[in-house]
Every structure is written in structure tokens, then in C-alpha cells.
Amino acid sequence: MKQFQNTTALVTGASRGLGVNISLTLAEQGCNIIAVSRNEEGLQSTCKKITSKGVSATYYPIDLSNTVSVREGIEKILSENQSIDFLINNAGIENYQKFHHYDPNTIDAILATNLRAPMEIARLLLPNMLNRGGHIVNIASLAGKKGISYNSIYSASKAGLIMWSDALRQELSNTKVGVSVICPGYISDSGMFADAGIDAPKLLGTSPPQKVANAVVKSIIGNVPEIIVNNGPIKPLLSIGQLSPKLSDKIVKFFGVPALNLARVKLENTDKPGR
Ligand SMILES: NC(=O)c1ccc[n+]([C@@H]2O[C@H](COP(=O)([O-])OP(=O)(O)OC[C@H]3O[C@@H](n4cnc5c(N)ncnc54)[C@H](OP(=O)(O)O)[C@@H]3O)[C@@H](O)[C@H]2O)c1
């Protein structure tokens, strides 16, 4: 069991959305925070909230879609900070499109931000973590457990994150470093789904962002391999998906997920081109 007093967590995607909840919840446990994302104003605002909890907060603006920036940024963080106990790979982007309409640059950006960056940051932090002990938490999605039409690149990136977490956890099982993956469904109030301003399918519902932050803490304390954060029980559907993908396609369609996503393609192409 790991404790948080006088520890330090590097949280990516800490400028807005779920990363703020995660950072503040860790701070409430006594954890100092190193906040990473691109938007300096957002990072400053998060750090101000964190320091009001009585722990320290520093921020580093890094573009995680750029491999060179990731390496240089993390090397700077390592040279300026004594130790990092926890890595929370939370930053992520999505883009709703028909697959053949994807711009290759968008595909690269999603894969680099959601999958390549978490791997690279962990690769750079692990040598120190292996000596001192630590924990890596990857924020994936239920979209990585069952393919999501019209958001297929995001789905692929999150499936990759889940499988990489699974493999790395086994690889590090005899070390002092734990690995967890969190798979949220639709999250209300803040974050990318709430920002879209669309209602979740009634049968699936939403969960509050605090549940994701609590799952991060729980995963570290209990060294839990995977936590699903969803409004209702979803594991039976995921199990059906393993036994019969066609049946689970029908259930997902009945829930209204493809219809919702098609609406988001329209939204993406009118309100938020090339996000
Ligand atoms: N919200 C949901 O319903 C939901 C459901 C399932 C999974 N998730 C996952 O939860 C995580 C957090 O999502 P969210 O809902 O909080 O999304 P969000 O509100 O859109 O926030 C995304 C965060 O990632 C950062 N980010 C994006 N691109 C970046 C880049 N190139 N370099 C550095 N930072 C970057 C953003 O900061 P800057 O723009 O300042 O760089 C921001 O802090 C993501 O991995 C997402 O896939 C969310």
C-alpha cells in the first residue's frame, strides 16, 4: 500500500478537465504536483488551486504530441525535481470523423498524444522509479474496451494504452513500480464529453469527474490493475463482446452510441474543425 504524504505526482493534461480533479484529489492526500500540458494559463490556474491545499505545485508547458518536446520537457523536469513517485498519464484528445475522412496529421496527433507520449514519459521516468518505487496510472477509456465507430483512432489509441499497461504491469510485477489503467465511460460536468454539450445515451448515463480522480487514488493505494468508471455495470457487455462481437455491436447500437457519434461528427465539422 502506497501513501501520498511528501510524494510527488506528474499529472499530464492538468490544465483543464479531469486532470484538474485528479491533481486536486492527489493534492488533498498530501501529494505535490508537477502539472503538464500546453496551456500555461490553465496550468497556472490549476497550480493555484493545488497550492491552496498546502502542497507544492509546479508546471511545465509541453506539447505531448511532439516526441522531441516530450523528451526535452521530461529531461528538464527530471533535472529540476528530486523525485517523481507517481506518473498520471491523463492528457488525451479525440476527433470524431468517418475513418476515410481523417487527415493523416490528426491520426498522428491522436496516437502521439494518447499513446506515444505516455510510453515515452514512462520510459524516461522508470529508471528513477525502479530505484525508489512508484506507480504509473494511465487514463484510458471504455472506448479502448469496445471499438467506437466514428472515433476509431481514439478507440485504437486507448486500446493500445490498455494493452501496454497490461503488459508493463506484468513486466514490472517483481519491482517496486505498479501500473494501473483507468477506463472511464461518459463523464459529466467537466472534460471532453461534457464540453461537447451532448447528452449521453440514457441507458448508459454519466459519472461525475470526481469518480475518475478517486479511481486514480484507489488504483495507487491498492495497486489495482484496472478500474472501470461507469454509471452502471458494463463488464457483462464487455464480456459478451469477447464471446460475440456481433451481438455486442447490436447492443451498443441499441444503446444509441453510433447515432450519438455520428451527431458528434457533424458537430466536429461545424464547430470545432481540426481540433
Ligand atoms: N471526459 C470524458 O468523458 C472521458 C471519458 C473517457 C476517457 N477520458 C480520458 O480522460 C483524459 C482526460 O480527458 P478530459 O475529458 O479531461 O479532456 P479535456 O478536458 O479535453 O482535457 C484534455 C487535457 O489534455 C491536454 N492535452 C491535449 N493535447 C495535449 C498536447 N498535445 N500536449 C499536452 N497536453 C495536451 C489538455 O491541455 P492543453 O490543451 O492545455 O494542452 C487538457 O489538459 C483523456 O485521456 C481522455 O481520453 C475522458
Side-chain angles (χ1 to χ4, degrees), residues 10-24 33-47 59-70 72-74 77 88-96 105-106 108-118 120-121 137-146 148 151 153-162 165 181-201 204-213 215-216 227-231 234 257 260-261 264 268 272 274-275:
L10 190 162
V11 182
T12 69
S15 60
R16 60 187 154 91
L18 306 185
V20 180
N21 296 79
I22 293 168
S23 301
L24 290 177
I33 304 292
I34 298 171
V36 168
S37 78
R38 292 163 302 183
N39 184 289
E40 211 162 334
E41 232 171 84
L43 289 170
Q44 278 169 352
S45 152
T46 306
C47 285
Y59 70 86
Y60 292 81
I62 301 174
D63 180 358
L64 297 175
S65 69
N66 181 313
T67 309
V68 176
S69 303
V70 173
E72 288 175 357
I74 298 301
I77 290 173
I88 319 298
N89 280 314
N90 163 71
I93 52 170
E94 62 178 353
N95 184 281
Y96 287 82
N105 292 331
T106 304
D108 286 347
I110 297 171
L111 294 176
T113 308
N114 297 5
L115 185 57
R116 181 75 168 79
E120 182 63 1
I121 302 171
V137 182
N138 295 317
I139 309 298
S141 168
L142 278 180
K145 302 291 276 183
K146 167 75 184 165
I148 297 296
N151 198 13
I153 312 303
Y154 176 80
S155 227
S157 72
K158 295 299 186 178
L161 198 57
I162 291 167
S165 306
V181 65
I182 313 292
C183 302
Y186 297 110
I187 303 299
S188 60
D189 305 325
S190 72
M192 53 175 63
F193 178 72
D195 288 349
I198 285 187
D199 289 336
L204 290 173
T206 58
S207 309
Q210 191 56 42
K211 269 181 102 172
V212 178
V216 170
I227 299 181
I228 288 174
V229 178
N230 197 51
N231 183 41
I234 200 79
V257 175
L260 174 78
N261 294 349
R264 294 195 69 179
E268 198 91 47
K272 299 169 187 163
R275 185 179 57 166

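All values derive from a computational prediction rather than experimental measurement. Atoms considered below: every heavy atom in the structure, side chains included; atoms not considered: hydrogens, waters and symmetry mates. Both ligands and their constituent atoms are indexed starting at 1 by order of listing.
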Undergrad: Take every heavy atom of P209, measure it against each atom of ligand 1, and state whether any distance is under 4.0 Å.
TA: no
Undergrad: Need the ligand 1 atom indices (1-based, order shown) with element for anything under 4.0 Å from a heavy-atom of D63.
TA: 30 (C), 31 (N), 32 (N)
Undergrad: Taking salt bridge (Lys or Arg N to Asp or Glu O under 4.0 Å) as the test, write out the residues that go with K145, two or more places apart.
TA: E226
Undergrad: Give the atom numbers and elements of ligand 1 that come within less than 4.0 Å of a heavy atom of K158.
TA: 44 (C), 45 (O), 46 (C), 47 (O)
Undergrad: Within ligand 1, which atoms have a heavy atom of Y154 less than 4.0 Å away?
TA: 6 (C), 7 (C), 8 (N), 9 (C), 46 (C), 47 (O)
Undergrad: Any idea which of G144, S188, A140, A143 brings a heavy atom closest to atom 7 (C) of ligand 1?
TA: A140
Undergrad: Quick check: L64 and ligand 1, any N/O pair under 3.5 Å apart?
TA: yes
Undergrad: Between N39 and S37, is any side-chain donor less than 3.5 angstrom from a side-chain acceptor?
TA: no
Undergrad: For the residue pair I74 and E120, establish whether any side-chain heavy-atom pair is separated by less than 4.5 Å.
TA: no
Undergrad: Answer with side chain, backbone, both or neither: which part of N90 has a heavy atom less than 4.0 angstrom from an atom of ligand 1?
TA: both
Undergrad: Can any side-chain N or O of N66 pair as donor or acceptor with the backbone N or O of V68 at less than 3.5 Å?
TA: yes
Undergrad: Does the side chain of I187 reach to within under 4.5 Å of the side chain of P208, using non-hydrogen atoms?
TA: no
Undergrad: Should you measure from each heavy atom of G185, which atoms of ligand 1 turn up under 4.0 Å away?
TA: 3 (O), 5 (C), 6 (C)
Undergrad: Does a side-chain heavy-atom distance below 4.5 Å link N231 with T206?
TA: no
Undergrad: Taking side chain as C-beta onward, heavy atoms only, is T12 less than 4.5 Å from I121?
TA: yes
Undergrad: Looking only at distances, can you tell me whether any N or O atom of S15, backbone or side chain, sits closer than 3.5 Å to an N or O atom of ligand 1?
TA: yes
Undergrad: For the residue pair V36 and Y59, establish whether any side-chain heavy-atom pair is separated by less than 4.5 Å.
TA: no
Undergrad: Going by the atom numbers of ligand 1, which of them fall below 4.0 Å from some non-hydrogen atom of N39?
TA: 38 (P), 40 (O), 41 (O)
Undergrad: Tell me which one of L18, V11, I187 gets a heavy atom nearest to atom 48 (C) of ligand 1.
TA: L18
Undergrad: Can you name the atoms of ligand 1, numbered from 1 with element, that are less than 4.0 Å from a heavy atom of I139?
TA: 9 (C), 10 (O), 11 (C), 45 (O)
Undergrad: Check side chain to side chain donor-acceptor pair (under 3.5 Å) between S141 and all other residues, then give those that pass, not counting sequence neighbours.
TA: none
Undergrad: Mark up the atoms of ligand 1 that fall under 4.0 Å of a heavy atom belonging to I62, in ascending order.
TA: 32 (N), 33 (C)
Undergrad: Considering only heavy atoms from C-beta outward, does the side chain of R264 approach that of F193 to under 4.5 Å?
TA: yes
Undergrad: Can you name the atoms of ligand 1, numbered from 1 with element, that are less than 4.0 Å from a heavy atom of S37?
TA: 33 (C), 34 (N), 37 (O), 38 (P), 40 (O), 41 (O)
Undergrad: For ligand 1, is there an N or O atom under 3.5 Å from any N or O atom of M192?
TA: yes
